[in-house]
Amino acid sequence: SGCIIGRDEAGLVGRSIQSVNEIAGEVIFVDTGSTDRSAAVAYQMGANVYNFPWDDDFAAARNFATGKAKGDWILVLDADEVLPDESRKSIVDLLRNPRHEGYVLKICTFLDRNLSPASCQVKGACRLFRNRHYRYQGAVFEDVTRSIVTSGATITPVDITIYHLHCLAEDETIARKRKWKTAAIERRLAAKPRKLAYAMGLEAFY
């Protein structure tokens, strides 16, 4: 099951869904309050579309999406992320003989519209895991790793990449998304000054 969340991503969500349609038995798109055609585009691309009231909580939205999944494995994406061809093949090969409950993939965030690897910020995140009711934690820095590990299961990194294409959106859309993210950070991390400073620093970097 491909599980995608997003808001006002009509220009990119179609690419995201198309990039996983070939390998996923189902794609779930959870719309967190779009005012554009995101939900309609996702539906036209064959996704199962759900609405989820946004409350500055990324983990809650992720858990709602994964809770709708029926597949044995879950692949998590944002609506402005895509799987390149080589990653689709690698995931198919990996799941023919899986040895772990979860896999850490590389998220490559392009920082400009040239989509050059030279201007790409890379981080690891557990985005592929068995569908065993694992739960995301953290309203802002949402992560499913702790849920998997505390259950006694294992996670390992793999050389599989997700492309984060947020820079391809219109400037106004990018600015609006940053405003939403900043509001969530300020609200959810107000009582944790160090995490708040780190999160705001990341937003300033982007």
Side-chain angles (χ1 to χ4, degrees), residues 1-21 23-71 73-83 87 91 102-105 107-109 123-129 131 133-148 162-169 173-174 176-185 187-188 199 202-203 206:
S1 299
C3 291
I4 302 171
I5 67 171
R7 178 180 178 183
D8 286 353
E9 294 285 6
L12 291 172
V13 67
R15 289 179 67 169
S16 181
I17 294 171
Q18 184 178 22
S19 76
V20 297
N21 265 342
I23 63 171
E26 64 173 356
V27 176
I28 293 158
F29 175 65
V30 172
D31 190 289
T32 58
S34 294
T35 58
D36 65 5
R37 298 186 66 254
S38 293
V41 172
Y43 179 79
Q44 290 167 0
M45 293 296 297
N48 299 321
V49 179
Y50 300 90
N51 293 313
F52 183 79
W54 181 243
D55 191 31
D56 294 330
D57 191 331
F58 288 92
R62 298 279 192 209
N63 288 330
F64 179 82
T66 58
K68 300 294 184 182
K70 298 176 182 177
W73 287 84
I74 292 174
L75 174 69
V76 171
L77 295 177
D78 285 336
D80 56 0
E81 294 176 340
V82 300
L83 276 181
S87 293
I91 288 174
Y103 294 93
V104 175
L105 278 56
I107 316 299
C108 178
T109 299
K123 68 176 181 180
C126 183
R127 294 293 196 89
L128 181 64
F129 50 91
N131 187 3
H133 305 292
Y134 297 123
R135 303 283 292 175
Y136 274 87
Q137 300 175 37
V140 176
F141 294 114
E142 77 277 14
D143 186 37
V144 73
T145 301
R146 181 180 298 179
S147 178
I148 297 174
I162 294 171
Y163 288 163
H164 184 196
L165 304 178
H166 81 107
C167 63
L168 295 184
T173 300
I174 294 173
R176 190 163 61 248
K177 288 166 65 176
R178 291 289 165 223
K179 186 176 180 180
W180 297 332
K181 184 71 174 290
T182 300
I185 290 170
R187 177 186 173 192
R188 293 295 182 171
L202 278 181
E203 291 309 298
Y206 284 123

Do [X] and [Y] have side chains that approach each other closer than 4.5 Å (heavy atoms only, starting at C-beta)?
X	Y	result
R62	V144	no
D78	I5	yes
T145	V104	no

Determine whether more than 12 heavy atoms belonging to other residues, nucleotides or ligands lie under 6.0 Å from atom [atom1] of [X].
X	atom1	answer
Y43	OH	no
Q18	CD	no
R176	CZ	yes
R146	CZ	no

Rounded to the nearest 0.5 Å, what separation is found between the [atom1] atom of [X] and the [atom2] atom of [Y]?
X	Y	atom1	atom2	value
Y163	L168	OH	CG	12.5 Å
T182	K177	OG1	NZ	12.5 Å
R37	Q44	CZ	CD	5.0 Å
I4	S38	CD1	OG	11.5 Å
W180	D8	CH2	CG	4.0 Å
F29	E9	CZ	CD	8.0 Å

Review point. Would you say S16's side chain and E81's backbone share a donor-acceptor pair under 3.5 angstrom?
Key: yes

Review point. Is the backbone N or O of I74 less than 3.5 Å from a side-chain atom of N131, with the two atoms forming a donor-acceptor pair by type?
Key: no

Identify the two heavy atoms, one from [X] and one from [Y], that lie closest to each other, and give their separation to 0.1 Å.
X	Y	result
L12	L165	CD1-O, 3.6 Å
S19	L77	OG-CD1, 4.5 Å
M45	N21	O-ND2, 3.2 Å
A39	D31	N-OD2, 3.8 Å
G138	A59	O-CB, 3.3 Å
N63	T66	O-OG1, 3.3 Å

Exercise for review: List in chain and number order the residues that pass disulfide (SG to SG under 2.5 Å) with C167, two or more places apart in sequence or in another chain; answer none if no residue qualifies.
Suggested key: none

In terms of side-chain geometry, is the basic nitrogen of [X] or [Y] positioned less than 4.0 Å from the acidic oxygen of its partner?
X	Y	answer
D55	R188	yes
K68	E26	no
D80	R7	no

Practice item. Examine K181 relative to F58 and say whether NZ or CZ is less than 6.0 Å from the centre of the six-membered ring and inside a 45° cone about the ring axis. Key: yes

Check your understanding: Should I17 and V41 be marked as a side chain to side chain contact (heavy atoms under 4.5 Å, CB included) after you check the CA-CA gap, both sets of side-chain angles, and the distance that decides it?
Key -> CA-CA 10 Å; I17 294 171; V41 172; over 6 Å; no

Review point. Where do I23 and L83 land on the side chain to side chain contact (heavy atoms under 4.5 Å, CB included) test, with the steps shown first?
Key: CA-CA 10 Å; I23 63 171; L83 276 181; 3.9 Å; yes

Review point. Angle class for the F129/Y136 ring planes (parallel below 30°, perpendicular above 60°, tilted otherwise)?
Key: perpendicular

Practice item. Look at the rings of Y50 and F64 and say which category their plane angle falls in: under 30° parallel, 30 to 60° tilted, over 60° perpendicular. Key: perpendicular

